[in-house]
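Computed from a predicted structure; not experimentally measured. Naming: A, B, ... by sequence-line order, numbering from 1 per chain.
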Number of protein chains: 2
Amino acid sequence: MDPQPGRKRLPRKVREQQMLDAAVQVFSRHGFHAASMDEVAERAQVSKPLLYLYLGSKEEIFSACIAREADRLVNAIGSAALNRDDDPADRLWHGLTAFFSYVAEHRASWVVLYQQARSQSDSLAAQVARSRSEIIDTVTELVRQSMESPARGGDGSNYAALRRESAAVAHALVGAADALAEWALAVPGEQPEATARRLMNMMWIGLERRAKGEGYHAPDGPAGTDGPAAPRP
Amino acid sequence: MDPQPGRKRLPRKVREQQMLDAAVQVFSRHGFHAASMDEVAERAQVSKPLLYLYLGSKEEIFSACIAREADRLVNAIGSAALNRDDDPADRLWHGLTAFFSYVAEHRASWVVLYQQARSQSDSLAAQVARSRSEIIDTVTELVRQSMESPARGGDGSNYAALRRESAAVAHALVGAADALAEWALAVPGEQPEATARRLMNMMWIGLERRAKGEGYHAPDGPAGTDGPAAPRP
DNA sequence: CAGTAAACTTACTCTTGAGTAAGAACGTAC
DNA sequence: GTACGTTCTTACTCAAGAGTAAGTTTACTG
C-alpha cells in the first residue's frame, strides 16, 4: 500500500530540479533577500537541511536558478531565431515571438533573470550580468546584421559607430520587450505574436529608414550639438 | 568656536530631507529588504531612533522616497515636455531628453522608482504601481496625441485599438528608455541628448509610418493571425 | 539665568531567517 | 535478515536587523 505514490525517496537529480523550480518561484515573488529558504523547502516538499545538502547556500541556489533559467531562455530564443532563414528581420521576428511566448509561459523565470537580478550588488551581480549580456549579445548581433545589410556600402570608417548604435538598439529592444511582456500580461487576450508584431512595427521600420540615412531631427534644444539641423517634413 | 559648522541641531524639515536622501541611496543600492536602516541613519549622520521618530517605519520611509522621487521625475519631464510647442514629436523629444538627463544626474532616484520598485509584493506594490503609472500615463498621453495627429481622419471606430496601441508604445518606450539609460551610463561620453536622439530615431519613425498604415508583415509564423500578409519591400 | 521644548543619543529587546548537528527511515545487495 | 549507502527529518544555534525605552544635550524665551 502506498497512499501517495511518487511522493517519497526520489533520486537526487530529480529533487534538485524540484528545489530549483520552487526556488525560482520564490525568488521571483520576493526577490533574493526577502526570499525565505523555509518557503523554498516547503514548496519543494522537502526539509531545509536537504535543500542545503544538495544545493549549498542561498547564494548558490540563486546562482543555480539564474544559470538554469538563462540557459533555457537563450535556448528558446536561439533555436527560434538562429535556425531560420537568413533575413535578419524574420530572425528578429521569430526571436521576439519566442521571447514573448517564453515570458508568458515562464513568467517567474524571466522575472528572476531580468528584474530581480538587476538590483543585487553582491557577487551575484557578476553572475547575473553575465547571463544578461549573453542575451543582449545575441540580440546585438541580430541587430548589427540587420543594420549593415541594406544600403550600406563597404563603409568601414564608422564601424565603431555602427557597433555602438547596434548595442544601443539591442539594449532598447530588450528593455522594450521586457516592459511590453509585463504589459501584455495585464491585457486580456494579448497573444505573444501580437506583442512581437507591435514591437517590430515600432522599431524595425525605424531601423530600415535609419539605414537609409533618414532620422529624426531635433529642434533647437537646450544643447545644440546636433550639427546642421534640417527642417522636418 | 564651531569646529564643524552646519553639522548639528538642524531643524526637522532639513533633517528629514537628509534622511530621505540617504534612504534613496541605500534603497537604490540594496533594494528594500536588504537595505539596513542603520546604514541609512549612518549616511544621514543621525542616530536610528531619530530616523524612526521623524519618518515612522521602514515601509513609510520607502514610501516617502518613492513619493518624493516620483514627484521630482514627473515634474522634470512634465515641465520639459508639456510647456513647449504643440508638435507631439518635439514634446516627446524634450521629454526624453529631460528623462535621460534626470537619470544621468539622479541615478539612484530612478533605480528606486523603476527597478527596485517593481519587485516588491507587499502593500508597497500599490504605492509603487501608482507612481509608475503616473509616469506611464504621461508618456501614453504624449504618444496617443502623436499617433492621432497625422493622416488620421475622423476615424472613431478603432479608438479602443488606438488606446491599446498607444499604451503598448508607451510601455515599450519607457522600458527602452530605462534600458538605454543604464546602457548610457556605461558608455563614456554618451550625452543625454544623444541617447534621446537614438531612441527617437528608433521609434518615432516607426510611429509615423505606422500611422500611414505601413508596418512589418510577419512571415508565415507558427500562428498566422496576421490577416492578409503582404510582401515586404 | 531658569525653564522648556525641540533635537538628539546610548543601549537595549525581540523577531526572523540562514545555516547545522545528529540521527531516523528507506531501499538494496548479499 | 543484516550490512551499508542514500534519502530525508526534527530540533536546534547564531547573527543581523527592525524597532524602542529612557535619558541627554542644545537652543531659544521670558
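Rounded to whole Å, the distance from CD1 on B:Ile61 to C1' on D:dG17 is 13 Å. As rounded to whole Å, 7 Å separates atom C1' of D:dC8 from atom OH of A:Tyr54. What separates CG of B:Leu53 from P of C:dA5 is a distance of 16 Å, to the nearest Å. Taking atom CD of residue A:Glu16 and atom P of nucleotide D:dT6, one finds them 14 Å apart after rounding to whole Å. Summarising the geometry, the separation between CD on B:Glu39 and C1' on D:dA16 is reported as 13 Å, rounded to the nearest angstrom. Rounded to a whole Å, the CD atom of B:Glu42 is 17 Å from the P atom of C:dC8. Look at CD on A:Gln45: it is 15 Å from C1' on D:dT9, rounded to the nearest Å. When rounded to the nearest whole Å, the span between CD of B:Glu60 and C1' of D:dA18 equals 13 Å.
Looking at heavy-atom distances under 4.0 Å, A:Ala41 makes no contact with the nucleic acid at all. Contacts of B:Ser47 with the nucleic acid, taken as non-hydrogen atoms under 4.0 Å apart, include base atoms.
The environment of CZ in B:Arg12 is crowded: more than 12 heavy-atom neighbours from other residues, nucleotides or ligands sit within 6.0 Å.
Applying the 4.0 Å criterion to OP1 and OP2 of D:dT6, one finds that A:Arg12 has every side-chain N and O outside that range.
Between B:Ile77 and B:Ala98, the shortest heavy-atom distance links the atoms CA-CB, 4.2 Å. Between A:Ala196 and A:Thr97, the shortest heavy-atom distance links the atoms CB-OG1, 3.6 Å.
The residues B:Arg130 and B:Asp137 are annotated as not salt-bridged, no charged nitrogen and carboxylate oxygen being separated by less than 4.0 angstrom. A salt bridge between B:Arg29 and B:Glu39 is absent, with no side-chain N of the basic residue lying under 4.0 Å from a carboxylate O of the acidic one. The pair B:Glu190-B:Arg198 meets the salt-bridge criterion, with a side-chain N (NZ, NE, NH1 or NH2) lying under 4.0 Å from an Asp/Glu carboxylate O.
One side chain, B:Glu60 or B:Ser57, offers a donor N or O that lies under 3.5 Å from an acceptor on the other.
Ring geometry, B:Phe62 versus B:Phe32: the interplanar angle exceeds 60°, so the pair is classed perpendicular (tilted spans 30 to 60°).
Axis angle between the ends of the helix from C:dC1-D:dG30 to C:dC30-D:dG1, five pairs each and rounded to 10 degrees, works out to 10°.
You'll find that the side chain of A:Val46 is closest to D:dT9, out of C:dT9, D:dT7, D:dT9.
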- Do nucleotides 19-26 of chain C as a string where each nucleotide becomes B, S or -: B if the base has a protein heavy atom under 4.0 Å, S if just the sugar-phosphate does, - if no protein is that close. BBB---BB
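Every residue two or more places apart in sequence or in another chain was checked for a ring-ring contact (aromatic ring centres under 6.0 Å, His included) with A:Phe100, and none qualifies.
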